[in-house]
Trainee: 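The structure that follows is given in the form of structure tokens.
Below, read A as the first sequence line, B as the second, and so on, with proteins coming before strands; counting in each chain starts at 1.
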Protein chains: 2
Amino acid sequence: MSRMNIEERRAALVDAALRVIARDGVAAASTRAIAAEAGMPLASFHYAFESRDALLRAAVVKVTDIDYGHAEAGFHSIITDPALFSEVSLEELIRLTFDAYLESLVNDPGREQAMLELSLSSMRNPSLEHLPAEQYATYYQSALRVMAEWEEVAGITWSMPTTQIAQAVVIVLDGITTNWLATRDTESVRATLPGFAAMFAAIADTNT
Amino acid sequence: MSRMNIEERRAALVDAALRVIARDGVAAASTRAIAAEAGMPLASFHYAFESRDALLRAAVVKVTDIDYGHAEAGFHSIITDPALFSEVSLEELIRLTFDAYLESLVNDPGREQAMLELSLSSMRNPSLEHLPAEQYATYYQSALRVMAEWEEVAGITWSMPTTQIAQAVVIVLDGITTNWLATRDTESVRATLPGFAAMFAAIADTNT
DNA sequence: AACGAAGTTGGTCGATCGTCCAACTTTGCA
DNA sequence: TGCAAAGTTGGACGATCGACCAACTTCGTT
């Protein structure tokens, strides 16, 4: 393995770990499997990280930052695509956003499954148990940013505390995730989206 | 260990496995840990089950049957409690049902966490990957039964296909589960319930 | 009482796990 | 050029895992 400083090696190992977890699950993400995925000898693992837990901690932190970034990116692709977004109603705009998230889930199920597995395994580990709450705090922030864009694009204001709405949005997206991962029935899940979109649209006031 | 036939021993091992999984997680549910929890020597394990996967399969089947039974039982305790249920609106009835589910989740987090871990680990195992879909089919049936009681008690009919509504109900309960497990913020999650209750109440028609 | 079937279990196998060490190579500075 | 620091790595450690076997005990039948 060519020479690299610790930061580079740590980053390479985290990326490798996320690939292994997305493909084979947390249980299969042994130090040997991660090192092999990164193309490193096993001994390099414990030169870069003190323990497997330390790497998992770094993996959760990294993945939290990039995860809902996908959902946000999907949203931006909607409001900048004239074919999709041309003076649609708020309700339709919300539905399109949820649909974009569902599409990203279907296109890369391993990523969201990895998120869930990392969260659950973190809850079982005393040294990692505080991470899921931070993870969800990041989700709420993402939801708030998307809601702010809904506000701006559709010209509305929310008639309830936005943090509460953001949490409800995350709950719905989370439920959709677990539901689809278990059933793999895309059309069935998609059929529930208009109802949720109508719910959130109903708690918005049109600006005068 | 006293003498018992295979069916008894299998049942005892499944119960022990569910206790271990709820307490320590799927990863900690080794054949040795399960046998110890059941008070059996390790060798008894492979006399009753061909493999660890075979026991996990039996555990998922059993837990699916009893899991949403708790939610249903919570609902029944509401509509038979005069103090709670006295001519409340449909919306309030739905909110109380969701609240009862949240209470059951808070009172025994291990059970729902075990459900999630079992589902996720099943998805990674080719011999178990069909189980999560069956698990959710059972959830939908439970939701349909609760919806039927909402209908009867509140005197309404649904203005959308009931199977679709049932799936949305399961999505919301699932999202609530993962959200609370990660944040442990009961009041914050509870605050989202009225919104979801209003959503489902809005797709009901009052009987003339 | 005899005997095959059913149930029980201590001990062990090979595989895999996280972790660590000592030997080695390369780098940057004096 | 010399040498300490930083980076690299083959190999091994004790522990734990799922699985299995052969010896043992108990049961039901005749």
Side-chain angles (χ1 to χ4, degrees), chain A residues 1-21 23-60 117-118 120-122 124-129, chain B residues 1-21 23-60 117-118 120-122 124-129:
Chain A
M1 197 63 194
S2 62
R3 219 142 218 267
M4 54 175 70
N5 60 32
I6 298 191
E7 285 72 24
E8 285 176 310
R9 195 173 286 278
R10 287 168 70 100
L13 280 168
V14 167
D15 288 343
L18 292 178
R19 284 197 301 274
V20 171
I21 293 172
R23 188 179 62 235
D24 304 318
V26 172
S30 65
T31 55
R32 284 168 178 80
I34 294 169
E37 174 75 22
M40 298 179 194
L42 172 60
S44 294
F45 187 102
H46 282 92
Y47 182 76
F49 286 99
E50 189 187 348
S51 66
R52 181 175 176 268
D53 277 356
L55 176 132
L56 281 172
R57 186 180 306 118
V60 172
E117 291 186 19
L118 280 172
L120 281 175
S121 66
S122 296
R124 298 292 191 183
N125 188 326
S127 77
L128 307 177
E129 65 183 357
Chain B
M1 197 63 195
S2 63
R3 218 144 219 268
M4 54 176 70
N5 60 33
I6 298 192
E7 285 73 24
E8 285 176 310
R9 196 172 285 278
R10 288 169 70 99
L13 280 168
V14 167
D15 288 343
L18 293 178
R19 285 197 301 274
V20 172
I21 293 172
R23 190 178 61 235
D24 305 317
V26 172
S30 66
T31 55
R32 283 169 178 80
I34 294 169
E37 174 75 22
M40 298 179 193
L42 172 60
S44 294
F45 187 102
H46 282 93
Y47 182 76
F49 286 99
E50 190 186 347
S51 67
R52 181 174 175 269
D53 277 357
L55 176 131
L56 251 47
R57 186 180 305 119
V60 172
E117 292 186 19
L118 279 172
L120 281 174
S121 67
S122 295
R124 298 289 191 186
N125 188 325
S127 78
L128 306 177
E129 65 182 358

Trainee: Nearest heavy atom decides the nucleotide; on that basis, is E50(A) or A27(A) closer to the 5' end of DNA chain C?
Mentor: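 Of the two residues, A27(A) wins.
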Trainee: Can you tell me the distance, in whole Å, between the CD atom of E8(B) and the P atom of dC27(D)?
Mentor: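 It is 13 Å, rounded to the nearest whole Å.
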Trainee: Is the phosphate of dT8(C), meaning OP1 or OP2, less than 4.0 Å from a side-chain N or O of S44(B)?
Mentor: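 Answer no for this pair, as no side-chain N or O of S44(B) is under 4.0 Å from OP1 or OP2.
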Trainee: Measure the distance from CZ on F49(B) to P on dT8(C) and round it to the nearest whole Å.
Mentor: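 Atom CZ in F49(B) sits about 14 Å away from atom P in dT8(C).
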Trainee: Would you mind telling me which of dG18(C), dA19(D), dG7(D) lies closest to the side-chain atoms of S51(B)?
Mentor: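 Out of dG18(C), dA19(D), dG7(D), the nucleotide with an atom closest to S51(B)'s side chain is dA19(D).
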Trainee: Of N5(B) and R52(A), whose closest DNA chain C nucleotide lies nearer the 5' terminus?
Mentor: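 Mapping each residue to its closest nucleotide by heavy atoms, the 5'-most match is N5(B).
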Trainee: Can you confirm whether F45(B) sits close enough to M40(B) that some side-chain heavy atom of one is under 4.5 Å from a side-chain heavy atom of the other?
Mentor: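 With C-beta onward as the side chain, the pair stays apart.
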Trainee: Measure from the side-chain heavy atoms of R32(B) and tell me the nearest of dT9(C), dT8(C), dA19(D).
Mentor: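 For R32(B), the side-chain atoms sit closest to dA19(D).
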Trainee: Does dG7(D) have its OP1 or OP2 closer than 4.0 Å to a side-chain nitrogen or oxygen of Y47(A)?
Mentor: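 So the side-chain polar atoms of Y47(A) do come within 4.0 Å of the phosphate oxygens OP1 or OP2 of dG7(D), strictly under.
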Trainee: Rounded to the nearest angstrom, tell me the gap between atom CE in M4(B) and atom C1' in dC27(D).
Mentor: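 Atom-to-atom, M4(B) to dC27(D), this comes out as 16 Å.
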Trainee: Is any side-chain heavy atom of R52(A) less than 4.5 Å from a side-chain heavy atom of L56(A)?
Mentor: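 Of all side-chain heavy-atom pairs linking L56(A) with R52(A), at least one is under 4.5 Å.
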Trainee: For a quick test of reading the model: is some side-chain N or O of H46(A) closer than 4.0 Å to OP1 or OP2 of dC20(C)?
Mentor: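 No, no such contact exists.
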Trainee: Return the minimal non-hydrogen interatomic distance between L13(B) and A35(B), and the atom names on each side.
Mentor: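 In this case the closest contact between L13(B) and A35(B) is CD2-CA, 4.4 Å.
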Trainee: Would you mind reading off the distance between L13(A) atom CG and dT19(C) atom P, rounded to a whole angstrom?
Mentor: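 Roughly 13 Å, once rounded to whole Å.
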Trainee: With the side chain of L42(B) defined as its heavy atoms from C-beta on, choose the nearest nucleotide among dT9(D), dA19(D), dC17(D).
Mentor: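 Per side-chain heavy atoms of L42(B), the pick is dA19(D).
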Trainee: Which whole-number value in Å describes the distance from I6(B) CD1 to dT9(C) C1'?
Mentor: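 It is 15 Å, rounded to the nearest whole Å.
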Trainee: From the options dG18(C), dT8(D), dG7(D), select the nucleotide whose nearest atom is closest to the side chain of T31(A).
Mentor: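 The answer is dG18(C), which lies nearest to the side chain.
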Trainee: Restricting to non-hydrogen atoms, name the atom on A28(A) and the atom on V20(A) that form the minimum distance, rounded to 0.1 Å.
Mentor: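 Here A28(A) and V20(A) meet closest at O-CG1, 4.0 Å.
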Trainee: How far apart are the closest heavy atoms of A29(B) and I34(B), and which atoms are they?
Mentor: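 Of all heavy-atom pairs spanning A29(B) and I34(B), the closest is O-CD1, 3.6 Å.
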Trainee: Roughly how many Å is it from CZ in F45(A) to P in dC17(C), rounded to a whole number?
Mentor: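 After rounding, the reported distance stands at 12 Å.
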